[in-house]
Amino acid sequence: MASSVCMQLTRSNGSAPAPEGLSKKERQELRQKEAAAARERAQNLAEQVASKLSKQGLFADVQAQNGFVNMYFDTADVARRLLQGVHATAAGYGRGAPKTETVMVEYGQLNTHKDGHVGHLRNISLGDALSNILTHDGYQVLKATYIGDIGAHVMKWLWGYRKWHSHEELRADDGRWWEGIYVESNRAIGDNPEYEREYRELFAAWDRREPEVVELWNRTRDVSLRYLHYLFDQLDVHFDVWFYESQFEDPGREVVRELLEKGIAEVDQGAPVVRLDQKLGLERETYRTLILQRSDGTSLYQTKELALTRAKFEGYPIARALNVVDVRQTLYFQQVFKTLELLGYQEAVKSTHVPYEYVTLATGAMSSRQGNVVPYAEFAAELQERALATVRVKNPSMPPEQQERVARIVAQGAMKFGMLDRDNTKLLVFDREEALDFDGFSAPYVQYAHARACRILEQGPEIAWEELRAADLSEVETNLLETIGGFTDSVERASRELKPLHVVTYAYNLARSFNEFYRESPVLRSEGDTRNLRLALVYASRTTLANALGLLGIHAPEVM
RNA sequence: GUUCCCGUAGCUCAAUCGGAUAGAGCGUUGGCCUCCGGAGCCAAAGGUUGGGGGUUCGAGCCCCUCCGGGAACGCCA
């Protein structure tokens, strides 16, 4: 910080306006001269600051380098306090100051009557990690999901089921069965006007709440929901709040009525719409027009979203609501929030869309309508198989049940890590081989460092926490210590920027620092203060690795 | 047509408020198990940060422009 002050101070000194009439080359030379002079003045100032600071004795060392002032703390003192701090807080290490606000994070918006696929996986991994990170940073967090249990896809499914599959038993453990019927129906309806008409009729019957249709919907929905619960359980993702689209059809219509009454919405070609740009008096097209309902009166996704956005704030004491939804819905969310604002619901401003780029295949975008998705279950099974094979090679003497357990932890970790290891703004082209790679920048790498640390602590003596002495730390040890100390900042940044990636790279860097230390600094074969200190470093590493992985929704195995 | 996102090593990606010599993984080449578990460690090679202007003491990051890729934009979710 002090360094940038030095650089800025140099500005107010020498820079007289450049004389007129110089050639480009002359101007460039002049600039270079001035820049060099500025660097010199900065270094000069840095030296003066360094010399003053070093006399105060607050720091172990102060140096002026390249116009920056570098201040060094007393390593032994910092090390002792940091390590004792990690020990004292343990699972709470890295926590931010408690905050009063409650944040609701909505993610994992799966549909009933369909399967989950790897595209959903990125959403779920992101939302869950984000929730954990916000919690660790000190917020109260409500994890919420919003299940698509109604709408066109459900009606198409019901139509196809009734037509061709009604004799089959409903399957709570097989997402592909549900997906299959949907894809089949969707295709059939698209190809055949007669089917299309039947499907429309079914949709209308649903809207009239005809008992037979409601019963069929209820029955199939229940079983499909059991499957979704199973899916989330597999991922160790658990929600505090479950919203369902079907709950918001009527409240949605209510909002539409209100919008029409207040003259915010108008009817165009039979459908109620909000001409947002016009209402807001915007010259350039920005929010465009939001259609509120189909012209046949059936509700659209946005009909329900309007009501849901309100319901969150009316039903829960939250200060903010985050919607983790892929980037293609950006305009849509802006429209919904603006519409509510026009209605006078100020809460709309506290709703935030957290966009991320979606998962695509090398061959193009995934779409369940076209049936070219990588089903979650298939991918998970493949990972599990690969992980199990590896565990058997690495740990042949381990009991089979434990091998299975470890493989599950490794496979799930690799899966989530792979979904979180790039910025939200980056498209993820799904690559099987890459996803199945357990080396390098991956969850197993971090998990392995954790398992190594556990092994040492298991075999070593108790740590004498009151007698930590950290004299003569090596470069690798100092580096490890600094990395451990940076955890809180990394959590805070991830929370502030809503980017779990920061915790991912942190976890990896910590594992790397630990592995370097592991190679260079024998723990169990050292003695006295050195061993005690190294044990404390191992303890702090293990704790922090486990905490960081935990925030990502990834288990930290003690053996693997 | 309007708007948004991406472009960094052969490939996949990092880089804190604009800050010091742009870092990792994979792949390639060469090393390290009598030693806490080799899913590991060390080293080498690999860069005009898509091109060109500009702002700044300082730009991968900000502004303008061009090129390339992707997306959204009235009855899908």
Side-chain angles (χ1 to χ4, degrees), chain A residues 3-4 6-11 15 31 34-39 41-42 65-68 70 109 111 148 151-153 245 268-271 273 275 284-296 298 300-302 304-305 325-332 335 355 357-358 360 365 367-369 387 390-391 393-395 410 421-429 431 433-434 437-442 444-449 451-453 455-460 489-490 493 496-497 501-502 504-505 508-509 511-512 515-516 518-526 534 538 559-560:
Chain A
S3 52
S4 64
C6 291
M7 275 311 224
Q8 272 154 27
L9 283 176
T10 60
R11 276 171 146 176
S15 58
R31 281 173 71 107
E34 281 181 350
R39 276 194 294 276
R41 287 194 299 271
Q65 286 163 344
N66 302 334
F68 289 77
N70 292 327
Q109 302 91 338
N111 292 322
H153 78 275
E245 267 188 64
D268 186 69
Q269 297 167 42
V273 303
R275 297 192 192 285
R284 251 205 336 228
E285 47 179 329
T286 308
Y287 298 105
R288 301 189 168 86
T289 299
L290 178 67
I291 299 200
L292 297 169
Q293 250 173 35
R294 290 196 188 87
S295 46
D296 65 5
T298 57
L300 290 163
Y301 199 71
Q302 46 266 40
K304 296 161 254 188
E305 188 80 52
V325 178
D326 90 54
V327 69
R328 291 172 294 190
Q329 257 74 270
T330 300
L331 174 63
Y332 161 79
Q335 291 176 327
E357 279 286 358
Y358 55 103
T360 179
S367 158
S368 60
R369 257 175 276 169
T390 310
V391 175
V393 171
K394 305 280 179 193
N395 240 322
V410 169
D421 70 352
R422 67 194 59 210
D423 198 273
N424 298 5
T425 57
K426 244 106 176 185
L427 206 63
L428 193 149
V429 180
D431 180 334
E433 281 316 305
E434 199 183 301
D437 188 2
F438 296 160
D439 296 328
F441 192 69
S442 70
Y445 178 91
V446 182
Q447 291 172 319
Y448 184 64
R452 278 178 149 180
R455 199 83 177 122
I456 294 174
L457 293 173
E458 191 185 301
Q459 293 172 21
D489 280 352
S490 152
R493 189 179 164 206
R496 175 165 40 87
E497 296 181 14
L501 173 66
H502 294 310
V504 174
T505 55
Y508 173 76
N509 285 332
R512 198 151 55 95
N515 279 332
E516 283 164 17
Y518 181 91
R519 161 80 171 205
E520 197 192 273
S521 304
V523 179
L524 299 180
R525 283 181 291 117
S526 60
R534 288 180 180 173
V538 174
V559 291
M560 62 184 276

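The model shown is predicted, which means the values in this text are computed figures rather than measured ones. Order of the sequence lines sets the chain letters (A, B, ...), proteins ahead of strands, with each chain counted from 1.
Atom NZ of A:Lys394 and atom P of B:rC33 are 17 Å apart (whole Å). We find that CG of A:Leu428 is positioned 7 Å from P of B:rC13, with the value rounded to whole Å. Straight-line distance from the OH atom of A:Tyr508 to the C1' atom of B:rA24: 6 Å, rounded to whole Å. The CZ-P distance, from A:Phe438 to B:rG25, rounds to 19 Å in whole Å. Residue A:Glu497 contributes atom CD, which lies 7 Å from atom C1' of B:rU16 at whole-angstrom precision. As a whole-Å value, the separation of A:Asp439 CG from B:rA24 P is 18 Å. Atom CG of A:Asp431 and atom P of B:rG25 are 19 Å apart (whole Å). Rounded to whole Å, the distance from CZ on A:Arg455 to C1' on B:rC35 is 15 Å.
If you take CZ on A:Arg422 and CG on A:Leu501, they are separated by 10.0 Å, rounding to the nearest 0.5 Å. Distance check, rounded to the nearest 0.5 Å: CG of A:Leu428 to OH of A:Tyr358 gives 11.5 Å. Taken from CG in A:Leu524 to CZ in A:Arg534, the straight-line distance is 11.0 Å, to the nearest 0.5 Å. With rounding to the nearest 0.5 Å, the separation of CG in A:Asn424 from CD in A:Glu357 is 9.5 Å. The distance from atom OG1 of A:Thr505 to atom CZ of A:Arg512, rounded to the nearest 0.5 Å, is 10.5 Å. Atom CD in A:Gln302 sits 7.5 Å away from atom CD1 in A:Ile291 (nearest 0.5 Å).
Positionally, the nearest nucleotide of RNA chain B for A:Thr425 lies more toward the 5' end than for the other of A:Thr425 and A:Met560. For A:Val523 and A:Asp423, each mapped to the nucleotide of RNA chain B holding its nearest heavy atom, the one lying further toward the 5' end belongs to A:Asp423.
For A:Arg422, counting side-chain heavy atoms from C-beta on, the closest listed nucleotide (B:rC36, B:rA15, B:rC13) is B:rC13. The side chain of A:Arg284 lies closest to B:rU2 when the candidates are B:rA14, B:rA39, B:rU2.
In RNA chain B, runs of at least 3 stacked Watson-Crick or G-U pairs (N1-N3 plus N6-O4 or O6-N4, or N1-O2 plus O6-N3, all under 3.5 Å) give these stems: B:1-7 with B:67-73, B:10-13 with B:23-26, B:28-32 with B:40-44, B:50-54 with B:62-66.
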* Annotated protein contacts, base or backbone, on nucleotides 71-77 of chain B with a non-hydrogen cut-off under 4.0 Å, one of B, S, - each -> SSBBBBB
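The shortest non-hydrogen separation linking A:Thr330 to A:Val327 is OG1-O, 2.6 Å.
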* Asked: Between A:Arg328 and A:Asp326, is a salt bridge (charged side-chain N to carboxylate O under 4.0 Å, His left out) present by the stated rule, with each step listed?
  -> CA-CA 6 Å; A:Arg328 291 172 294 190; A:Asp326 90 54; 3.1 Å; yes
* Asked: A:Glu458 and A:Arg455: salt bridge (charged side-chain N to carboxylate O under 4.0 Å, His left out), yes or no, with the steps?
  -> CA-CA 5 Å; A:Glu458 191 185 301; A:Arg455 199 83 177 122; 3.0 Å; yes
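Contacts of A:Glu520 with the nucleic acid, taken as non-hydrogen atoms under 4.0 Å apart, are absent. Residue A:Ser368 is classed as having no contact, given no heavy-atom separation below 4.0 Å to the nucleic acid. In this structure, A:Val559 reaches the bases: a heavy-atom distance under 4.0 Å links it to at least one base atom across the strands shown. Residue A:Val391 is in base contact, counting any heavy-atom pair closer than 4.0 Å across all strands shown.
Note: A:Tyr332 and A:Tyr301 have tilted aromatic rings, judged against thresholds of 30 and 60 degrees for the angle between ring planes.
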Distances under 3.5 Å only, N/O to N/O: pair up the protein atoms with those of nucleotides 42-44 of chain B.
from	atom 1	to	atom 2	distance (Å)
B:rC42	OP1	A:Glu516	OE2	3.3

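Counting only distance, with no hydrogens or angles, the side chain of A:Asn395 and the backbone of A:Met560 share a donor-acceptor pair below 3.5 Å.
Neither side chain, A:Asn515 nor A:Tyr448, offers a donor N or O lying under 3.5 Å from an acceptor on the other.
Proximity of A:Lys426 to the phosphate of B:rG7: a side-chain N or O atom is located under 4.0 Å from OP1 or OP2.
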